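Order of appearance sets the numbers: ligands from 1, and atoms from 1 within every ligand. What you are looking at is a predicted structure, and each value in this text was computed from that prediction instead of being measured. Keep in mind that the numbers below use all heavy atoms, side chains included, and drop hydrogens, waters and symmetry copies.
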Amino acid sequence: MQHAPGFLDIVNEAKTRVSEIDADTLESWITQNKSFVLIDVREQSEFADGAIAKAIHISKGVIERDIEKTIFDKSVPLVLYCSGGFRSVLAADNIQKMGYSAVWSLTGGSKNWLTTGREFSQK
Ligand SMILES: O=S(=O)([O-])[S-]
């Protein structure tokens, strides 16, 4: 989907503050059992159709409201993903402003995860 220019403007502005992680690196973190929390920020209906294994779901719409009830330690590494890697950048930017200090957004999101030969687990 081609995103609207105003949306892309705020995503690109947020990207100046947000670190991104590529699918190869995320896969190696999963394989190595690295300690981090993977958060799917898509809508509940998208998550229900399948998600990256071990991901928890906190949608972008409620992440600022709910994350402190789920992730108490703000130094825990967090990897956020959405469908295309845009919404997750905005969510990552906001939770960094709340004090989370080790946050990444998955480049290209779940679409890139799938098109590069990786799979979802069913939720
Ligand atoms: O397309 S998107 O899920 O990155 S907003």
Side-chain angles (χ1 to χ4, degrees):
M1 180 204 310
Q2 185 64 36
H3 291 305
F7 175 68
L8 292 175
D9 285 347
I10 62 169
V11 169
N12 287 329
E13 197 266 332
K15 274 189 180 182
T16 64
R17 295 179 293 273
V18 170
S19 298
E20 293 188 276
I21 182 171
D22 61 31
D24 287 343
T25 304
L26 174 59
E27 186 172 48
S28 74
W29 284 16
I30 293 169
T31 306
Q32 294 161 17
N33 268 325
K34 183 178 159 78
S35 179
F36 71 101
V37 179
L38 182 61
I39 305 177
D40 187 323
V41 302
R42 297 174 301 160
E43 298 300 310
Q44 176 63 42
S45 59
E46 297 175 277
F47 182 71
D49 282 345
I52 300 175
K54 297 204 165 94
I56 65 168
H57 179 249
I58 311 177
S59 70
K60 179 184 173 292
V62 296
I63 196 165
E64 299 89 349
R65 185 192 70 186
D66 291 350
I67 192 163
E68 289 168 305
K69 300 175 197 162
T70 307
I71 312 287
F72 304 111
D73 179 353
K74 293 189 174 180
S75 68
V76 168
L78 304 174
V79 176
L80 276 52
Y81 74 90
C82 59
S83 179
F86 297 87
R87 287 174 287 177
S88 56
V89 167
L90 297 177
D93 190 32
N94 270 345
I95 66 171
Q96 286 182 160
K97 289 175 185 164
M98 294 170 68
Y100 290 89
S101 59
V103 183
W104 287 264
S105 170
L106 178 62
T107 308
S110 60
K111 281 185 193 150
N112 181 253
W113 180 264
L114 293 173
T115 58
T116 53
R118 298 167 175 100
E119 295 182 350
F120 274 171
S121 67
Q122 292 309 308
K123 292 293 166 181

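Residue, atom and distance of the protein heavy atom nearest to atom 1 (O) of ligand 1 are His3 NE2, 2.9 Å. The closest protein non-hydrogen atom to atom 2 (S) of ligand 1 is Gly84 N, 3.4 Å. For atom 4 (O) of ligand 1, the closest non-hydrogen atom on the protein side is Phe86 N, 2.8 Å.
Relative orientation of the Phe86 and Phe7 rings is tilted, given thresholds of 30° and 60° on the angle between their planes.
Heavy atoms of Gly85 come nearer than 4.0 angstrom to ligand 1 in at least one pair.
Looking at Cys82 next to ligand 1, no N or O pair under 3.5 Å apart turns up. Looking at ligand 1, you won't find any N or O of Phe7 less than 3.5 Å from one of its N or O atoms. Inclusion of Arg87 in the set of residues having an N or O under 3.5 Å from an N or O of ligand 1 is warranted.
Tested against Leu80, the residues Ile63, Leu106, Asp40 include a single side-chain contact (heavy atoms from CB on, under 4.5 Å) partner, Ile63.
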Next on the checklist: Would Phe120 and Ile52 count as a side-chain contact (heavy atoms from CB on, under 4.5 Å) here? Give the steps.
Outcome noted: CA-CA 5 Å; Phe120 274 171; Ile52 300 175; 4.0 Å; yes
Item to check | side-chain contact (heavy atoms from CB on, under 4.5 Å) evaluation trace for Lys60 with Cys82 | outcome: CA-CA 9 Å; Lys60 179 184 173 292; Cys82 59; over 6 Å; no
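Residue-ligand proximity, Ser83 to ligand 1, at heavy-atom distances under 4.0 Å covers atoms 3 (O).
For Lys74 (side chain) and Met98 (main-chain N/O), a donor-acceptor pair under 3.5 Å exists by modelled atom type. Side-chain N or O atoms of Tyr81 include none that pairs as donor or acceptor with a backbone N or O of Ala55 at under 3.5 Å.
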